[in-house]
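These numbers were taken from a predicted model, which means no experiment stands behind them.
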Protein chains: 2
Amino acid sequence: MLRVMVVDDQALVRRGFALVLDNEPDIEVVAEAGTGVEAIEAARTQQPDVILMDIRMPEMDGLEATARILEAGDTACRVIILTTFDPDEYVFRALRAGASGFVLKDIPPEALVDAVRTVAEGGAMLAPGITQRLISQFAQKLGSERDLAERLQRLTSREREVLTAIAAGKSNAEIAETLFIGAATVKSHVSSLLSKLGLRDRAQAVVFAYECGLATPGEHDVGF
Amino acid sequence: MLRVMVVDDQALVRRGFALVLDNEPDIEVVAEAGTGVEAIEAARTQQPDVILMDIRMPEMDGLEATARILEAGDTACRVIILTTFDPDEYVFRALRAGASGFVLKDIPPEALVDAVRTVAEGGAMLAPGITQRLISQFAQKLGSERDLAERLQRLTSREREVLTAIAAGKSNAEIAETLFIGAATVKSHVSSLLSKLGLRDRAQAVVFAYECGLATPGEHDVGF
DNA sequence: ATCAAAATCCCGCTTTTGGCGGATGTGTGG
DNA sequence: CCACACATCCGCCAAAAGCGGGATTTTGAT
């Protein structure tokens, strides 16, 4: 039995969704909340599997509440964000907060229960337009990486190793140490790869590494 | 009326999908193809709105065919990729090729016609697990930017300008030129910002800029 | 077996970089 | 008015980085 919580500040909307879901044999609405704070508390005590979360709410908005519930970590629940319109700005915050779904409130009832079951099983469900935007962004990013990635292929594997190390902010001496080779050798590799890639210095090499996808944001602790 | 083309090398599978779709009052299957080459030709002559494209095919695989059809550009059609299993590797190629959907063949018939209508309307439809992965990648990318962005605030506006220039691969002399200040001054700013951020050299500064979102992949021409 | 490419090392040389100190203006608040 | 902090500017100097050359060994492919 899927345990579901519905969070919305408008009681009527909340009841509407709850009735639709409770009508399904395998779904049970175990909690309702009208504010973000209530939602956090209820999530802790009721441990629902799936939370339907409205964005616009007084006190604390749905994204903030989502982030806190998921950060707490004592619940293994998954969150579907509900919204009336189609707002670019919220999507990224929502995904960052850890939401597994982002659907518009005018979704047909069957699609809603589908969405609940889907995310409960570990999948994700986004409104079609949002999926489209996500894809565009992704395709664009992969696009620019393509031609640069072939330039990468002109490097030897060792040179790629060195480039990766450079992109991690390492100095020549540090690279020498981690690769168990002499500092002079590192310089050789650096010079060679800079020349092959048409770059001037290691700073440009770092840029190149990020632009071609050899390095990606979110991999490093920038503690250095 | 939605004009749809079905591409699959197995005639039975092809007919199955075609029958399901033709059964819908608003959908018409205007073409079928058994190879990538046939698909390209049929796409040109029949101008379908939506193409259901199998991946595994002899002669030319579905992704290659998709890319060529969409690159041709004389058709405004949208493509849904069909696959039997759930293959990471193909997804990115598919999205890059310009596909608007990626669904498994064991999809329920109603969901398939939903998918066709959705992409015809400009949306996108991915298998739940794929959406999930796309989201994870995205969330990760947006992830660690927050705390680092605070460190950014400790810099003066001038220092942020310099940091941005460094992240664009500029040398001190070039930065001096674009900012209309002396080269020595640039160095001073560089030193100051490195110290404030706890970094050692400009290469690490580039890493920091990318990690905190000051610079993002896909902005630069890496022509330098 | 042989040849080419890659990987490893070394050395001097020039340029760039980064650290340190100091100078100037511009506010802000006592 | 005057410290004080801060941003901006500059010059000097040591260290690191990058360049050109050459040499040896390992590896891979033919």
Side-chain angles (χ1 to χ4, degrees), chain A residues 149-212 214-215 220 222-224, chain B residues 149-212 214-215 220 222-224:
Chain A
E150 33 183 271
R151 281 215 251 167
L152 251 191
Q153 294 313 309
R154 293 213 274 271
L155 301 184
T156 69
S157 63
R158 200 56 163 172
E159 285 163 350
R160 272 192 295 274
E161 275 187 276
V162 173
L163 178 54
T164 305
I166 290 178
K170 288 184 160 68
S171 71
N172 286 341
E174 286 169 340
I175 298 174
E177 199 173 341
T178 62
L179 293 186
F180 304 104
I181 58 183
T185 310
V186 177
K187 284 179 134 194
S188 268
H189 290 309
V190 172
S191 287
S192 161
L193 72 89
L194 287 181
S195 148
K196 284 186 185 174
L197 297 176
L199 307 174
R200 189 182 353 130
D201 52 41
R202 63 205 299 109
Q204 290 192 343
V206 176
V207 174
F208 181 90
Y210 274 94
E211 294 292 332
C212 77
L214 218 205
H220 298 296
V222 192
F224 290 125
Chain B
E150 295 177 12
R151 286 213 251 168
L152 252 190
Q153 294 312 309
R154 303 217 179 109
L155 302 184
T156 70
S157 62
R158 200 59 159 173
E159 285 162 350
R160 273 192 295 274
E161 276 185 275
V162 173
L163 177 54
T164 305
I166 290 178
K170 289 187 174 22
S171 72
N172 285 341
E174 286 169 340
I175 298 174
E177 198 172 343
T178 62
L179 294 184
F180 304 106
I181 57 183
T185 309
V186 177
K187 290 173 161 190
S188 170
H189 289 310
V190 173
S191 288
S192 159
L193 73 88
L194 288 181
S195 140
K196 283 186 185 174
L197 297 176
L199 307 174
R200 181 168 19 105
D201 53 40
R202 61 204 301 107
Q204 291 192 343
V206 176
V207 174
F208 181 90
Y210 274 94
E211 293 292 334
C212 78
L214 217 205
H220 298 296
V222 193
F224 291 123

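Heavy atoms of A/S195 sit nowhere under 4.0 angstrom from any nucleic acid atom.
When the nearest nucleotides of DNA chain D are assigned to A/N172 and B/I181 by heavy-atom distance, the more 5′-ward of the two goes with B/I181. Comparing B/S192 and A/I166 along DNA chain D, the residue whose closest nucleotide (by nearest heavy atom) sits nearer the 5' end is B/S192.
Residue A/S171 places its side chain closer to D/dA17 than to any other of D/dA7, D/dC9, D/dA17. Closest to the A/K187 side chain, of the nucleotides D/dG18, D/dC9, D/dA7, is D/dG18.
Between the side chain of A/Q204 and the backbone N or O of A/R200, at least one donor-acceptor pair lies under 3.5 Å. A donor-acceptor contact shorter than 3.5 Å is absent between the side chain of B/R158 and the backbone of B/H189. One N or O on the side chain of B/T164 and one on the backbone of B/R160 form a donor-acceptor pair closer than 3.5 Å.
Phosphate proximity of D/dA7 to B/K196: present, with a side-chain N or O under 4.0 Å from OP1 or OP2. Close to D/dT8, at under 4.0 Å from its OP1 or OP2, lies no side-chain N or O of B/T185. At the phosphate of D/dG18, neither OP1 nor OP2 sits under 4.0 Å from any side-chain N or O atom of A/R200. Using a 4.0 Å cut-off, no side-chain N or O of A/H189 falls inside it from OP1 or OP2 of C/dA7.
Note: CG (B/L194) to C1' (C/dG19) measures 10 Å, nearest angstrom. Here D/dA7 presents its C1' atom at 13 Å from CD of B/E161, a figure rounded to the nearest Å. The CG-C1' distance, from A/L199 to D/dA17, rounds to 15 Å in whole Å. Taking atom CZ on A/R202 and atom C1' on D/dA16, their separation rounds to 9 Å, with Å as the unit. Rounded to whole Å, atom C1' of C/dA7 lies 14 Å from atom CG of A/L155. Whole-Å rounding puts the B/R154 CZ to D/dA5 C1' distance at 17 Å. Atom-to-atom, CZ of B/R158 to P of C/dT24 comes out at 20 Å; the value is rounded to the nearest Å. With rounding to whole Å, A/L193 atom CG is found 14 Å from D/dC19 atom C1'.
Side chain B/S188 to base D/dC9: a donor-acceptor pair is found below 3.5 Å. One cannot find a donor-acceptor pair under 3.5 Å joining the base of D/dG18 and the side-chain atoms of A/S191.
A distance of 7.0 Å separates OG of B/S171 from CZ of B/R202, quoted to the nearest 0.5 Å.
Residue B/G169 comes nearest to A/V207 through the heavy atom pair N-CG2, 4.1 Å, listed as atom of the first residue, atom of the second, then distance.
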